[in-house]
2 protein chains.
Amino acid sequence: MSKTKSNPQTLSSVRNALRILKSFSTFEPTKRVSELAESLGLAKSTVSRLLATLASEGFVIKDEKTKAYKLGLSVLTLGGIVTNNFEIHKEAVPVLNKLVNDTGETAHLAILDGNDTIYIHKEECNHPVRILTHLGRRNPAYCTSSGKVLLAFSDRETVEQVIENGLVKHMPNTITDPDELRKELKKIREQGYAISTEELTEGTRSVAAPIRDYTGKVVCAVTVVGPIQRMHDHKIQEIAKKVVRAAEDASERLGYDKRYFRQLGK
Amino acid sequence: MSKTKSNPQTLSSVRNALRILKSFSTFEPTKRVSELAESLGLAKSTVSRLLATLASEGFVIKDEKTKAYKLGLSVLTLGGIVTNNFEIHKEAVPVLNKLVNDTGETAHLAILDGNDTIYIHKEECNHPVRILTHLGRRNPAYCTSSGKVLLAFSDRETVEQVIENGLVKHMPNTITDPDELRKELKKIREQGYAISTEELTEGTRSVAAPIRDYTGKVVCAVTVVGPIQRMHDHKIQEIAKKVVRAAEDASERLGYDKRYFRQLGK
DNA sequence: GAGGAAATTCCGCTATACGGAACAAATATG
DNA sequence: CATATTTGTTCCGTATAGCGGAATTTCCTC
């Protein structure tokens, strides 16, 4: 029964239920019994029962007509609680709002989790043409602007871990050479922001800058994402400035004292 | 083992795991083993194992120092997927943005789930004094403006179901008399919006209006919430107008043709 | 450094969750 | 329109996984 690495003290039925939940995505928002049975290597009867249990607690919803399942509202409620737990949130949201108004593009807050960045907040712009992202969205760190910023300001091991994990070429622009990535991170540290142009997703460009807490530690990144047409080379510097400014504002609100740390020569 | 009503074909271990997840709230964002064992009526060892399993899949995070558990990032990711699934979302978010700018207060989208309203979107205002709500927040329908709007435009059975479920007095202003509630809903149908003043939470007032889809069905409510000091009697009519307008805008974007339905005499 | 509380691990027993088969329902096919 | 096929659910016997309680470890507290 050990598919990935079944820790000794974990319950397989529960793990299977959680795997079912995790198998949903923006691109496959509905799932059916046999599909899941296939992909998880379980009997149809087992999946059917697991789904019934998940449904009874509101974690999935069954469309009685098509017999397809989608994620339920319990999941939404829990997500909201998580969001509320991040203190960064309270301080950074107003700043993010302003940034969206100033740039006209969608902005996010992102943190690092393992080898990925995760959007912990999203502030949508009004443009009819929008990039498809969502709260909680998980992207590989090495090929997104927010991820690169967070990596640039994290310890060596984290970076090496990401490299060891493999730099997959998603797009022509994806950085796949370890040394090139290290150089890129150095550059980001120096200039104070990161840009990513079609490194993960076609047609999109993003800019990110680090938010620091009162200890000077980078805890989060602000990032603005948009279609490359609207993120022209001649506009990108302007946007970058605004992103950096927003990040500095948010940092200040978290008690970060720029001058103090400059004095320290950091 | 039948605590609430254990459907024959549901798995108790999975159900217990889900119950653990659901026991987290904004007010109790962390939980400990013995606490959960007590409240769920399970052995500490059982809870410990369930939590270990939940942690291994990122649904909870254990603070190794304090041994306290909080909800994990997997939950956030799933919540984002749910959000993205609501089509109303795409259409209503720009409208909501505008509403927040116009009123200066936090706005939500809400839907009805059983006897509760659930916020499926939240657009925060910039005021330093803010109402504590969150995405996925579940509130009783009969004592919130969004809930009352949604009830006002749903079928008789739903309303009677809510009444049967009990009208608990949360505040002096809470409507607890069934007939009074029915009268209130009638009034809401006539005027096209609902107001709730300290019916559930002290110091808050909210206004809500219905969003309709192309079939004319009320699918969702827009609501603006704020502290009563900022929602003065002499300002409330103005705010209500804006909320109704926003709801109409959103309805139009969903293909609802006001004139067509007026012709029908609806 | 001892005492106590809390979490985890161990262990034996039973209940339970599993897979397979049978059944039911819905969809596709001719 | 009947038949074939796919898909989901229920039933059932068995093996085992998950349960509670005790033992052990860890972590505070005094």
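Below, chains carry the letters A, B, ... as their sequence lines are ordered, and counting in each starts from 1.
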Looking at [Y] and [X], is there a salt bridge between them, counting it only when a charged N and a carboxylate O are closer than 4.0 Å?
{"X": "E28(A)", "Y": "K31(A)", "answer": "yes"}
{"X": "E35(A)", "Y": "K44(A)", "answer": "no"}
{"X": "K70(B)", "Y": "D63(B)", "answer": "no"}

For atom [atom1] of [X] and atom [atom2] of [N], their distance in whole Å:
{"X": "L42(A)", "N": "dG8(D)", "atom1": "CG", "atom2": "P", "result": "14 Å"}
{"X": "L40(A)", "N": "dA17(C)", "atom1": "CG", "atom2": "P", "result": "18 Å"}
{"X": "R49(A)", "N": "dA17(D)", "atom1": "CZ", "atom2": "C1'", "result": "13 Å"}
{"X": "I20(B)", "N": "dC19(D)", "atom1": "CD1", "atom2": "P", "result": "10 Å"}
{"X": "L36(B)", "N": "dG20(D)", "atom1": "CG", "atom2": "P", "result": "14 Å"}
{"X": "L11(B)", "N": "dA17(D)", "atom1": "CG", "atom2": "C1'", "result": "12 Å"}
{"X": "N16(B)", "N": "dA15(C)", "atom1": "CG", "atom2": "P", "result": "17 Å"}
{"X": "L51(A)", "N": "dT9(D)", "atom1": "CG", "atom2": "C1'", "result": "12 Å"}

Check: Between the side-chain atoms of S45(A) and the base atoms of dG19(C), is any donor-acceptor pair under 3.5 Å?
Finding: yes
Margin query: So, under a plain 3.5 Å distance rule, would you say the side chain of K67(A) forms a donor-acceptor pair with the base of dG8(D)?
Written below: no
Checklist line | Nearest listed nucleotide, side chain of K44(A), among dT9(D), dC18(C), dC19(D) | finding: dT9(D)
Next item on the list: Just compare dT9(D), dA7(C), dC18(C) and give me whichever is closest to any side-chain atom of V33(B).
Entry: dA7(C)
Hey, is the side chain of [X] poking within less than 4.0 Å of OP1 or OP2 on [N], counting only N and O atoms?
{"X": "K62(A)", "N": "dT9(D)", "result": "yes"}
{"X": "S12(B)", "N": "dA17(C)", "result": "yes"}
{"X": "T46(B)", "N": "dG18(D)", "result": "no"}

Next item on the list: Go through T158(B) and D155(B) one step at a time and tell me if the side-chain hydrogen bond (donor to acceptor under 3.5 Å, both in side chains) criterion holds.
Entry: CA-CA 6 Å; T158(B) 311; D155(B) 40 312; 3.3 Å; yes
Note to self: Which is more 5' along DNA chain D, the nucleotide nearest R32(A) or the one nearest V14(A)? Just name the residue.
What the structure shows: R32(A)
Margin query: Classify S13(B) by what it touches in the nucleic acid, base, sugar-phosphate, or nothing, heavy-atom distance under 4.0 Å.
Written below: sugar-phosphate
Note to self: On the six-membered ring of F153(A), is R212(A) placed so that its NZ or CZ lies under 6.0 angstrom from the centre and within 45° of the ring axis?
What the structure shows: yes
